[in-house]
Amino acid sequence: MPTLTLTEVKITPLDAPLGAVVTGLDASQSVAPEVILQLKQALRDRHILIFKNQQLTDEQFLNFAFYFGSLFVPPQDIPVLASEPGVTPVIIPVSNVDGGYTGTGELTFHSDHHWTPYPSSGSLLYALEVPVEGGDTSWLNLNLAYETLDESTKKRIADLQLITYNPFLQDRNAPRSNYRLDQSIPLISPVFPHPLVRTHPESGKKILYLGYKTEVEVVGLDPQEGAELIAYLRQHLNQPQFYYQHKWSVGDIVYWDNQATLHHRQAFDPKERRVMKRISLAGSRPF
Ligand code: OGA
Ligand code: MN
């Protein structure tokens, strides 16, 4: 009898408000249907999946990602991370070296492509080189953030629409506003209001669909009132009990649900190297 060397795929929930670790899976190979279904269910339940010890070519990384959906492609006229007019790389180098993107600074809590008409459903980030210290990524559970609001706030925000302004249209050196108070500044590009309270397209769970710092505007509210409401919601969002902080190891792939989480990156020492690759998957119109 030949010995069977099948490793068993294990999905272990983290002792945290979101996240599960997946071991025993080789993402460079084809994955069994029942395993894919378990991973999709685990993503719905835990919002981020952490795959350990992977070693993939770009083609293998793409083939693995496409089990979960097709590639996010922004509309031609909407700039996003790493896009040149009309073209966006399929795999984005998220790296502080060799012409990569996102540098070494803090990235405040956000959901990828929030400012586009059909934001990304999820992203996969694959770690090739990691700093000794710093550069951790945290993911925040937006369903928990919503559920822990008081009832009167939930009622007040139930039907509001939020515009999130595209940070890639802003002058990098201009001072940043986190609410559009001055309505007289002409808009240079179309905007895409989405529900502030979003329903997850698969789980049906309600989430507070709001980034932490990006410039926003609540449609139809007096600017001062809108700014106060958003400041209140952002203060509520930013609580450690809602998030999990990940210290990267080489070979980790984290696949997160942009429809259920925000993510944040800690700054790190520019003398260190941090080399990652990101694939973002297509999503649908938020409702
Ligand atoms: C991203 C991102 C965070 C990180 O790639 O979308 O926000 O930890 N990256 O590099
Ligand atoms: Mn991001």
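These numbers come from the heavy atoms of this one structure, side chains and all, not from hydrogens, waters or symmetry mates. In each ligand, atom 1 is the first atom listed, and ligand 1 is the first ligand listed.
- Between R278 and ligand 1 there is a heavy-atom distance shorter than 4.0 Å.
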- Passes salt bridge (Lys or Arg N to Asp or Glu O under 4.0 Å), R156 versus E225? Steps please. CA-CA 12 Å; R156 184 171 171 213; E225 186 189 345; 3.7 Å; yes
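- Remark: distances from the non-hydrogen atoms of H110 to ligand 1 include one below 4.0 Å.
- The part of L125 lying near ligand 1 is the side chain, judged by heavy-atom distances below 4.0 Å.
- Taking the six-membered ring where the residue is Trp, H113 and W115 present perpendicular rings, their angle passing 60° and hence far from 30°.
- Contact record, H114 with H194: O-CD2, 3.4 Å, taken as the closest heavy-atom pair.
- Here the side chain of S111 pairs a donor or acceptor atom with the backbone of N258 at under 3.5 angstrom.
- Ranking the protein heavy atoms by distance from atom 8 (O) of ligand 1 puts T137 OG1, 2.5 Å first.
- The aromatic ring centroids of F51 and Y255 lie 6.0 Å or more from each other.
- At distances below 3.5 Å, not a single donor-acceptor pair connects side-chain atoms of E215 with backbone N or O atoms of N178.
- Between the side chains of Q224 and D222, no donor-acceptor pair of N or O atoms lies under 3.5 Å.
- Nearest residue to atom 4 (C) of ligand 1 from R274, H263, H113 is R274 (criterion: closest heavy atom).
- Listed by atom number, the atoms of ligand 1 under 4.0 Å from D112 heavy atoms are 6 (O).
- Atoms of ligand 1 lying under 4.0 Å from any heavy atom of V94, numbered from 1 in the order shown and given with element: 5 (O), 10 (O).
- Nearest N, O or S atom of D112 to the Mn ion (ligand 2): atom OD1.
- With the Mn ion (ligand 2) as the vertex, NE2 of H110 and NE2 of H263 span 90° to the nearest 10°.
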